[in-house]
Number of protein chains: 2
Amino acid sequence: MSVAKKITINDVALAAGVSVSTVSLVLSGKGRISHATGERVNEAIEKLGFVRNRQAVSLRGGQSGVIGLMVRDLSSPFYAELTAGLSEALEAQGRMLFLTQCGRDADQSERCFATLLSQGVDGVIIAGAAGEGASLRDMAAARQLPLLFASRASHLDEADIIRPDNMQAAQLVTEHLIRRGHQRIAWLGGRSSSLTRAERLGGYCATLLQYGLPFHSDWVLECEPSQKQAAEAISDLLRRNPTISAVLCHNSTVAMGAWFGLMRGGRQGGEGGMESYYDRQVALAAFAEVPEAALDDLPVTWVTTPAREIGHTLAGRMLQRINQEEDALRHQIIPARLVPQR
Amino acid sequence: MSVAKKITINDVALAAGVSVSTVSLVLSGKGRISHATGERVNEAIEKLGFVRNRQAVSLRGGQSGVIGLMVRDLSSPFYAELTAGLSEALEAQGRMLFLTQCGRDADQSERCFATLLSQGVDGVIIAGAAGEGASLRDMAAARQLPLLFASRASHLDEADIIRPDNMQAAQLVTEHLIRRGHQRIAWLGGRSSSLTRAERLGGYCATLLQYGLPFHSDWVLECEPSQKQAAEAISDLLRRNPTISAVLCHNSTVAMGAWFGLMRGGRQGGEGGMESYYDRQVALAAFAEVPEAALDDLPVTWVTTPAREIGHTLAGRMLQRINQEEDALRHQIIPARLVPQR
DNA sequence: TTGAAAGCGGTACCAA
DNA sequence: TTGGTACCGCTTTCAA
């Protein structure tokens, strides 16, 4: 053996003493082939270590078994988790994932999309690249290519989109705090340009009003995802507004920073352990990007956006679209789950 | 327009009034074609929105421009970051990534590998699936397919592998602690079955000995990645061994838990802020999966394994292998970086 | 400088 | 129940 000879159906046909058509039929399990022949073909396949060439299949007009994913940034925990879930579910369908990172640049996105097309994907999923959705949606429609959007916030009508229910998440956690007796609830974290944050703020605000509680816009603070900045921000906030009894944090980093801030800013001396400051005065709740079993020592109530579940849902929806089971576009919204502080 | 007509070189040839061969030559920039013809062809390509079918190219014997990645679990920050870096660098090469998650199961791995083969990848990268390396290595060799391993720990000779220098990382951070005057340094975290941990422990231990410091095996504690468990573990440890002045943590979760443990177990009352317990008594250092700018409020010295850089290196090495620039197998070890406590 | 045609590895129609 | 064969879109000699 010198040059790696790739095994084709011709080799299999030869070894099994049948024609290529027969091998093809056995492979796809279509035409009725006699048991004996089937056996022989499968033996030959086994013996030769044949693997079917999907490119040839796809070229001939079949499915490639590949879904293209355009994700803004894989190193973000939310999108990593979503991608993991998607890949998991697709593999269960016998499909695979083609991965591209497309930043936030429109040109870049179009190039990614073209590359995916050239690879013959059966469908495309866009995770997070909100901006240029419309143009990509039209390109996909022109080619009759199933296109799904997965996003952290809603945008772009006329598209098949699956996303977390940010408003419900915020309502859920705000209501939880209220039920625990908190009347003065502040917000910490996120940038004002974030759509996700805007939707969450909507749910938070609406819930306050619903319970007849005050909404103070100066209780809503922006904050970078930095523990240090969060710690400073919460200290400032509580110094200026000592009556605030709960703080809702935009993400886990901010929540941790807030916790540090509470502890340091808390009492020096006084009775009880360090947690008492929290117990008696300020409760923390926070949105979590992923279910963080590891963060089990923080006195925080979490509300998590099920990124992995969104991935699974995307895979299922893509299957429908590919099989043309349901062509109508629709919005699918995945609810959040509450993990009360233990 | 009804059914999406895909544009092929035939259409382009027709529109430009030339033959398909000419179009092909223009596309690949090979044979000498007249400027005028080139212009017309490019115009036609532009006008029709032609995108070249890579499957056909690959079928004909060319490269597919796709690299297969088998990763154990994408939702682990280390592998997510590695994948992000890899994808980034590959895209700069005009290549793409085929993603599979292959758990730790050998069967599953072989199936993933076969799927990648059937898609006509130009090369395969295995990230973390240590176990079945040998059999996959042989299958790749038989097909003359470039195969790279990326791993958190060393294993499997006779393979092209790129990995972090766990021993050096541990030496680096241990030496740092010693230089800061610590003589009694404990270890917290990780499972004893972890190869990464074993290599790090080697570096830690070697450095202690090198400086003539004592190594106590009962100062090395296992711990799950849970803040709560880490907090309890460090409290126990320090209660039994009050002379320990620094603790090296296996990951950031353990580091955070340890910090909570220190604060709670610290003094109740006494002079100074809460940090004084740390300042005067116990220093923390920890391995970080990714550069965590967000964890900037912990008094911890970090040593980070550059996962993204490993991704970049993989892309570069794969390019070499594909171009046959260097066929010799080799180990490439990426050093860690120290981020001293601010 | 350009065109005609064979073939990559399958699939599927039409005969046998 | 099987076999022969024309494609799928592109590359690549070989001729013109």
Side-chain angles (χ1 to χ4, degrees), chain A residues 3-42 44-45 48-66 114-115 117-122 143, chain B residues 3-42 44-45 48-66 114-115 117-122 143:
Chain A
V3 178
K5 174 80 170 59
K6 347 169 191 160
I7 315 296
T8 76
I9 50 170
N10 293 288
D11 304 314
V12 176
L14 207 62
V18 296
S19 76
V20 290
S21 343
T22 306
V23 178
S24 178
L25 289 178
V26 172
L27 282 175
S28 54
K30 291 189 174 175
R32 312 135 293 266
I33 33 88
S34 76
H35 193 63
T37 315
E39 286 289 88
R40 270 190 312 159
V41 170
N42 280 319
I45 288 177
L48 275 59
F50 166 81
V51 298
R52 188 217 226 113
N53 184 332
R54 289 305 294 257
Q55 318 199 81
V57 174
S58 171
L59 187 57
R60 191 55 230 276
Q63 292 183 8
S64 65
V66 181
T115 311
L117 283 184
S118 80
Q119 296 285 358
V121 294
D122 296 334
R143 288 178 169 74
Chain B
V3 177
K5 175 78 171 59
K6 352 172 188 159
I7 315 296
T8 75
I9 49 171
N10 293 288
D11 304 312
V12 176
L14 207 61
V18 297
S19 76
V20 290
S21 342
T22 307
V23 177
S24 177
L25 289 179
V26 173
L27 282 175
S28 53
K30 291 191 174 172
R32 313 134 292 267
I33 32 92
S34 74
H35 192 63
T37 314
E39 285 289 89
R40 271 189 312 161
V41 170
N42 280 319
I45 289 178
L48 273 59
F50 166 79
V51 297
R52 189 216 225 115
N53 184 331
R54 290 303 295 254
Q55 318 200 76
V57 174
S58 171
L59 188 58
R60 191 52 227 273
Q63 291 184 8
S64 65
V66 180
T115 310
L117 284 184
S118 80
Q119 296 285 359
V121 295
D122 296 334
R143 287 177 169 74

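Keep in mind the model is a prediction, meaning the values are calculated, not measured.
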Asker: Just by modelled atom types, is the A/Val57 backbone N or O under 3.5 Å from a matching donor or acceptor in the B/Gln55 side chain?
Answerer: no
Asker: Please classify the nucleic acid contact of B/Thr37 as base, sugar-phosphate, or nothing, using heavy-atom distances under 4.0 Å.
Answerer: sugar-phosphate
Asker: Provide, to the nearest angstrom, the distance between the CG atom belonging to B/Leu25 and the C1' atom belonging to C/dT1.
Answerer: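 To the nearest whole Å, that distance equals 10 Å.
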Asker: Would you mind classifying the nucleic acid contact of A/Ser21 as base, sugar-phosphate or nothing, using non-hydrogen atoms under 4.0 angstrom?
Answerer: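 Base: the residue A/Ser21, judged by heavy atoms under 4.0 Å, touches a nucleobase.
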Asker: Given atom CD of A/Glu39 and atom C1' of D/dT2, what is their separation to the nearest angstrom?
Answerer: 17 Å
Asker: Tell me whether the side-chain N/O atoms of B/Lys30 come closer than 4.0 Å to OP1 or OP2 in D/dT12.
Answerer: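 Looking at the OP1 and OP2 atoms of D/dT12, one of them is under 4.0 Å from a side-chain N or O of B/Lys30.
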Asker: First locate atom CD1 of B/Ile45, then atom CZ of B/Arg52, and finally report the distance between them rounded to the nearest 0.5 Å.
Answerer: 9.0 Å
Asker: Side-chain donor-acceptor pair under 3.5 Å between B/Ser24 and B/Ser21, yes or no?
Answerer: no
Asker: Strictly below 4.0 Å: does B/Thr22 bring a side-chain N or O up to OP1 or OP2 of C/dT2?
Answerer: no
Asker: What does B/Val23 touch in the nucleic acid at a heavy-atom separation under 4.0 angstrom: a base, only the sugar-phosphate, or nothing?
Answerer: nothing
Asker: Tabulated below should be each protein N or O lying under 3.5 Å from an N or O of nucleotides 7-10 of chain C; please produce it.
Answerer:
residue: C/dG7; atom: N2; partner: B/Arg60; partner atom: NE; Å: 3.4
residue: C/dG7; atom: N2; partner: B/Arg60; partner atom: NH1; Å: 2.9
residue: C/dC8; atom: O2; partner: B/Arg60; partner atom: N; Å: 3.4
residue: C/dG9; atom: N2; partner: A/Ala56; partner atom: O; Å: 3.4
residue: C/dG10; atom: OP1; partner: A/Asn53; partner atom: N; Å: 3.3
residue: C/dG10; atom: OP2; partner: A/Ile9; partner atom: N; Å: 2.8

Asker: Between B/Ser58 and B/Arg54, is there a donor-acceptor pair closer than 3.5 Å when you use the side chain of the first and the backbone of the second?
Answerer: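 No, the answer is negative, given that no donor and acceptor are paired below the 3.5 Å cut-off.
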Asker: So, B/Thr115 and B/Ser118: side-chain donor and acceptor under 3.5 Å apart, yes or no?
Answerer: no
Asker: For the residue pair A/Ala13 and A/Val20, what are the closest heavy atoms and their distance?
Answerer: CB-N, 3.8 Å
